[in-house]
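These notes concern the structure reproduced below.
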Amino acid sequence: LPVFLFDKRTMHEVFCYEHRGAPFYLSRAALATDNLERMKWVIVYVISQFYISTIQSKPFNPILGETFQCKIGDLNMYTEQTANHPITSNFYAFDDNHNYKIYGYIITTASTGANTITAIKTGKYHITFKDGTEYAIYLPTVLIKGITIGKRLFNYIQKLVVVDETNKKCGYVEFNPDQVGFLKSWFTSKQASFPDSFIGKVVNLEDVTISTKNSEHKVNDKAMSFLNIKGQWASHITFDEDEYWDKEDYSLLNINEVGDKCPSDGRNRLDLQALIKNVEETSQKEKEKLEVLQRADRKLRANYAKEHQKK
């Protein structure tokens, strides 16, 4: 792809960028003594990332072994690319007081339609608090419309699931619940709520069936609800009519470098450095050099695996 389509950051930096509000919300979650109160702040932490993740340019795919490290407030973040087919990024983060840690890996798979891109993120996404409480996060699907023609639209679809594995509770959030289907769109373009709307509830974990392949999770219709959730991911979140997050109420923290960058840090890439300086021709050439090198390395690994399988 030509570099003029690219963002001036790698996927790892964008992932860290999305955590610029995390220290606010996870510190509140860590201080909560009530399980439902902590669940609220963890859900806020996840959905607040969506508001700042809507970029229309493509980040650079990290090279195998590429890293990124930074500090956001008191949050220390580290990422590493551990596979490219499919794209797999490992991450580890913790606050200075060790009240919580975020860790795991995300596998990103994307498919294209005639005018759309759909991105599914699976893997292992966990939060552990100082008192031992464990949370698992299952992200919704990203849908981008208008890739070639028409108005460009970015949205989240299907479900977000936030699981308190220790207390066996589950936050279940459905995005764009009033979406107008394909056939109905022939007769009307209107729907009852804004496309960025969501609704949800906190239920017992046993009432939710979680898919590890996509975000098509299911909840028992008769499940007891401990909390009702609603809002719009681009503006606000409420729990039982109490507003917990409004995008206007929080200022985002900056990403700061931590000492000397590792040689493997993505910010050392020559293609990225050239694009930051707006020298697109040099950036394109350096990007193509890296792609040739990656293909050669992949072939070496495949040949090595094939030879040792014979033995």
Side-chain angles (χ1 to χ4, degrees), residues 6-30 41-42 44-53 55 58-109 119 121-139 142 162-163 165 252-273 276 290 294 297:
F6 281 67
D7 193 272
K8 295 178 180 179
R9 297 170 294 178
T10 67
M11 288 179 63
H12 288 176
E13 186 171 356
V14 170
F15 177 75
C16 293
Y17 179 88
E18 293 168 356
H19 281 72
R20 291 171 62 205
F24 294 124
Y25 313 124
L26 289 183
S27 61
R28 287 165 171 76
W41 284 114
V42 174
V44 168
Y45 151 71
V46 178
I47 293 181
S48 71
Q49 296 177 48
F50 303 160
Y51 162 62
I52 52 178
S53 68
I55 60 174
K58 182 187 183 303
F60 281 82
N61 285 341
I63 300 167
L64 187 64
E66 186 174 301
T67 61
F68 187 87
Q69 64 186 86
C70 66
K71 189 155 189 174
I72 306 170
D74 69 345
L75 181 65
N76 306 275
M77 294 198 71
Y78 304 86
T79 66
E80 180 178 355
Q81 193 75 358
T82 52
N84 277 336
H85 297 279
I87 297 172
T88 306
S89 301
N90 284 54
F91 56 91
Y92 183 79
F94 61 91
D95 70 308
D96 287 343
N97 295 317
H98 297 277
N99 289 317
Y100 60 88
K101 61 180 179 180
I102 313 164
Y103 61 95
Y105 61 91
I106 290 178
I107 301 171
T108 304
T109 56
K121 295 184 177 182
T122 57
K124 178 180 179 181
Y125 188 162
H126 278 231
I127 305 170
T128 301
F129 291 97
K130 192 173 184 178
D131 62 6
T133 305
E134 294 271 356
Y135 274 78
I137 313 296
Y138 300 87
L139 296 169
V142 174
V162 176
V163 178
E165 296 184 327
L252 299 174
L253 297 170
N254 293 324
I255 293 179
N256 298 305
E257 292 189 15
V258 183
D260 294 331
K261 296 193 293 287
C262 293
S264 58
D265 194 291
R267 287 165 289 196
N268 291 324
R269 292 175 55 154
L270 296 179
D271 54 351
L272 182 60
Q273 291 179 358
I276 289 172
L290 288 174
Q294 286 187 93
D297 286 346

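Aromatic ring orientation, Phe94 versus His98: parallel (interplanar angle below 30°, classes split at 30° and 60°).
Side chains of Glu134 and Thr128: a donor-acceptor N/O pair is present below 3.5 angstrom, by distance only. Side-chain contact annotation: Asn84 with Gln294, donor-acceptor N/O pair under 3.5 Å present. For the residue pair Thr82 / Asn90, a side-chain donor-acceptor distance below 3.5 Å is found, with atom types taken as modelled. The closest side-chain donor-acceptor pair between His12 and Glu66, if any, does not fall under 3.5 angstrom.
Within the structure, salt bridge (charged side-chain N to carboxylate O under 4.0 Å, His left out) contacts touching residues 74-99 (residues at least two apart or in different chains) are Lys71-Asp96.
Of all non-hydrogen atoms in Ser264 and Gly65, the two that sit nearest each other are CB-O, 3.7 Å. Residues Leu272 and Arg9 come closest through the heavy atom pair CD1-N, 3.8 Å.
Ring centroids of Phe91 and Tyr78 are separated by 6.0 Å or more, keeping the two rings apart. Taking the six-membered ring where the residue is Trp, the centroids of Phe60 and Phe6 are separated by under 6.0 Å.
Looking only at distances, no side-chain donor or acceptor of Asn254 sits under 3.5 Å from a matching main-chain atom of Asn256. Proximity of a side-chain donor or acceptor of Gln81 to a complementary backbone N or O of Ala83 within less than 3.5 Å is detected. Of the possible polar contacts, one joining the Thr88 side chain to the Pro86 backbone as a donor-acceptor pair under 3.5 Å is found.
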Test Ile102 against Tyr45 for side-chain contact (heavy atoms from CB on, under 4.5 Å), laying out the working first.
CA-CA 11 Å; Ile102 313 164; Tyr45 151 71; 3.7 Å; yes

Kindly determine whether Leu290 and Asp271 satisfy side-chain contact (heavy atoms from CB on, under 4.5 Å), including the steps that lead there.
CA-CA 9 Å; Leu290 288 174; Asp271 54 351; 3.5 Å; yes

Leu139 and Ile106: side-chain contact (heavy atoms from CB on, under 4.5 Å), yes or no, with the steps?
CA-CA 10 Å; Leu139 296 169; Ile106 290 178; 4.2 Å; yes

Residue pair Phe129, Lys101: steps toward the side-chain contact (heavy atoms from CB on, under 4.5 Å) verdict:
CA-CA 7 Å; Phe129 291 97; Lys101 61 180 179 180; over 6 Å; no

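Legend: residues meeting salt bridge (charged side-chain N to carboxylate O under 4.0 Å, His left out) with Arg20, ordered by chain and number and at least two apart, are absent.
A 6.0 Å sphere centred on CG of Asp260 holds no more than 12 heavy atoms belonging to other residues, nucleotides or ligands.
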